[in-house]
4 protein chains.
Amino acid sequence: MRARVEREREFRRESIIKATEELLNEKAFESITMDDIAEKSDFAKASIYQYFKNKDELMSEVFSKCMETQCNSIKERCLSLTAPEQAIRNYIMIEFEFIHQHPWVPKVSATIPFEGFNAESRLIDLYNQKKRLLAAIIQRGQAEGTFIESDLVVLTNMILSVSIGFVSYISTHMSADLKSPVTEMMISTITKGMTRGSSNESNRSK
Amino acid sequence: MRARVEREREFRRESIIKATEELLNEKAFESITMDDIAEKSDFAKASIYQYFKNKDELMSEVFSKCMETQCNSIKERCLSLTAPEQAIRNYIMIEFEFIHQHPWVPKVSATIPFEGFNAESRLIDLYNQKKRLLAAIIQRGQAEGTFIESDLVVLTNMILSVSIGFVSYISTHMSADLKSPVTEMMISTITKGMTRGSSNESNRSK
Amino acid sequence: MRARVEREREFRRESIIKATEELLNEKAFESITMDDIAEKSDFAKASIYQYFKNKDELMSEVFSKCMETQCNSIKERCLSLTAPEQAIRNYIMIEFEFIHQHPWVPKVSATIPFEGFNAESRLIDLYNQKKRLLAAIIQRGQAEGTFIESDLVVLTNMILSVSIGFVSYISTHMSADLKSPVTEMMISTITKGMTRGSSNESNRSK
Amino acid sequence: MRARVEREREFRRESIIKATEELLNEKAFESITMDDIAEKSDFAKASIYQYFKNKDELMSEVFSKCMETQCNSIKERCLSLTAPEQAIRNYIMIEFEFIHQHPWVPKVSATIPFEGFNAESRLIDLYNQKKRLLAAIIQRGQAEGTFIESDLVVLTNMILSVSIGFVSYISTHMSADLKSPVTEMMISTITKGMTRGSSNESNRSK
DNA sequence: AATGAATGAGACTTCATTCAT
DNA sequence: AATGAATGAAGTCTCATTCAT
């Protein structure tokens, strides 16, 4: 009864989010209009305001949805693992896959938080959650003596940033193949960069 | 006589570009209005159109100016060097310094070329020039046997992308200090990643 | 249901067209602004863009509407007639009446097609249709031996032009009375000019 | 001394007028900008304001110049003639020639006086002068019994208007040849229309 | 709940005219 | 006298949001 109505409402909300995502793959964040979204989602423009307070909220929701999914993937495929090295590999792989499904994210991330965009705290929370998840992986690796002992925060931020860089490479220069040797090479480089006894032999020997 | 007038005109042009650059540090590319620029540059809005045909041209000019400067730096500080490893270090350092002076660039780069923005070919040319310069550095390193022998194009794109990642790190997490150990660490990581006999021992041994 | 909404929309569209027409009686085509139209039609400026893509389209529509009406009048009151002489008289009378209701037309016609105005082909089509209708009248008159045998195209264009001249007279010098002897005199002059055996006795005798 | 300066000033004034005239042949009256005129006349835009108070004055001057010339022609070639019929023929011929040299005039005339254009009284005076000249020709013809005896004012306005019509034909459909039989035919039609004993035999006999 | 219609606010751009040298 | 520079006012068009049914 009530439940079904509620479920339907949620379904329509989702379909608007989906339409927006599709648009994000086609054109730049700020040049997407409510008209675009209305057309793509097959709702009247005014109807969208029954599901989202305003454009900013809608956009927040779109981004949140993505990051939520990603956070869940990280939890599932990285945190439970015993081997820290493999966990990091998986983490990077998740970033790669992610970019594959949401190629517009790097563009948008680069401009968020930007002035005038009232990201709800939820979005920022999610970003921090992802960071904490990554930190947890690294910390475990350090505890087990697998990873180098640099400052945890620094290391986390670095991995995060390097990933963005690689991901930018992926989204710009590679079309589809996540299994290509280039991917493997990049993953290796990052992993080695933080594993004791591989790329940091020199450091160690000092 | 003529010369002075010309110089003054150029000076005013520059000051508009400068004002725009400052705005780019404050807000996103597409939400900067001609009114903003007018106010910041202390001209009447209409006056700006005496120096730039339209908003796009002005923006193009701002970007071009930056990339030109950067290309020149690369030429000066990387190409003449004998040691390829040092050249690469310098290249990365230039990227770092650059981001220091133009923190808005990564945000903008991530969204350019974006739909609807008619970047003049000059902008694209400059981007390609930078790529060619980097390729030249790498090629020399490969020729001398210093760098790993992966495909030149792949390697170039990778360095470019990784730099963007690091640079994104810098712009997000570090305030000012280019001399911090973190910077050094990042540079090392990249450099090692492409130098024979260090991070790629394993590859070599294969 | 659907039909009423549709009808109402059409009604509002018409009312904008009407407001524009009224303005055309007050000031020149190019100095009418969208603000003028908005005020006259009692819509917000932005609303007008829901009914017409842009100013040019609106203007085209206004012109087309007029010419369409005129073409229909010609069809009704000239083509079915048996006597060619009467048909021509009616044609001229229609031009007179037309100018009475749309005094701005000669001013606008004189400047259309003018540079920068993207008249849709529809407008040009209508103009040509009117020409063809007139030609048909004349041709019949020639076939029946009533009209002089000059080249059809030349004759058509001439009548068209002379009408413009007379109409310009009407719109400049006469206030309202279409039944004045002057009108009759002008109609006679034109009609005689093209009827065999009246003004062209001399030609005939050659 | 002074005189030469004065003469030079006049010369430059003329050259601006000439440039404007040329532009009038290229594009519509209201879309000609002071920038256009500046470029065409090889003056700086600001300089034009040293010769003409504003755009309207400049335009007035251009039109006046033309009409002045035409009035002079009429005086020379029509008023001195003894035969009224020939005088009218010449008058029409002058209109034709005029349109040949200033094809933009009909377009402009059709929109003058238009709102917002402050034609100085001089322009209107000239227009009235032309009218008086034509009236004088007709009056003489009537006095001598050559022309029909309709009301002088009406007849004058008619001729004026019909000329505009023919001239519109000329400017639209004929390229260059003023000597074509069509021209002759049109002149004949008008002349006959107002000469006793030709096209108006029927009237007379009534 | 859904939506066609309406709109205020604001974006970019143009242009006649004035200012300052 | 000549002109490069500056600009207020105005024009066209867009868009997120609200209103009314």
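Here is the naming used below: chain letters follow the sequence lines, and residue numbers restart at 1 for every chain.
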Considering residues at least two apart in sequence or located in another chain, which fulfil the side chain to side chain donor-acceptor pair (under 3.5 Å) criterion with [X]?
X	result
B:Tyr49	none
C:Thr33	C:Asp36
A:Glu22	none

Once you round to the nearest 0.5 Å, how far does [atom1] of [X] lie from [atom2] of [Y]?
X	Y	atom1	atom2	value
A:Leu58	A:Ile37	CG	CD1	4.5 Å
C:Phe29	C:Thr20	CZ	OG1	10.5 Å
D:Arg7	D:Phe11	CZ	CZ	11.5 Å
A:Ile16	A:Lys40	CD1	NZ	14.5 Å
B:Leu23	B:Glu39	CG	CD	9.0 Å

Distance in angstrom units between [X] [atom1] and [N] [atom2], rounded:
X	N	atom1	atom2	result
B:Ile37	F:dT7	CD1	C1'	17 Å
C:Glu57	F:dC13	CD	P	11 Å
C:Met59	F:dG11	CE	P	13 Å
B:Arg12	F:dT7	CZ	P	11 Å

* To do: Looking at every strand, decide which applies to D:Ile32 at a 4.0 Å heavy-atom threshold: base, sugar-phosphate, or nothing.
  =>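 The answer is sugar-phosphate, as D:Ile32 gets under 4.0 Å only of primed atoms, P, OP1 or OP2.
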
* Earlier contact from the 5' end, DNA chain F, for D:Tyr51 and B:Glu8 ->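 Nearest nucleotide further toward 5': that of D:Tyr51.
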
* Asked: Pick one: which of B:Arg12, B:Glu10, B:Arg13, B:Glu57 meets side-chain hydrogen bond (donor to acceptor under 3.5 Å, both in side chains) with B:Tyr51?
  ->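 Exactly one candidate clears the test, B:Arg12.
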
* Asked: Going 5' to 3' on DNA chain E, which nucleotide is the first and which the last to come under 4.0 Å of a heavy atom in chain A?
  ->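 Span of nucleotides near chain A: E:dA1 to E:dG4.
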
* May I ask you to list the residues of residues 39-50 of chain B, by number, that have any heavy atom positioned under 4.0 Å from an atom of DNA chain F? =>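 Within residues 39-50 of chain B, the residues near DNA chain F are B:Phe43, B:Ala44, B:Ala46, B:Ser47, B:Gln50.
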
* Asked: Salt bridge between D:Lys18 and D:Glu14, side-chain N to carboxylate O under 4.0 Å?
  ->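 So D:Lys18 does not pair with D:Glu14 through a salt bridge.
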
* Short N-O contact, B:Glu21 and B:Lys65, less than 4.0 angstrom ->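 Between B:Lys65 and B:Glu21 there is no salt bridge, as every charged N stays at least 4.0 Å from the carboxylate O atoms.
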
* To do: Using the criterion of both pairing distances under 3.5 Å for Watson-Crick and G-U wobble pairs, give all stems of 3 or more consecutive pairs involving DNA chain E.
  =>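 Correct response: E:2-21 with F:2-21.
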
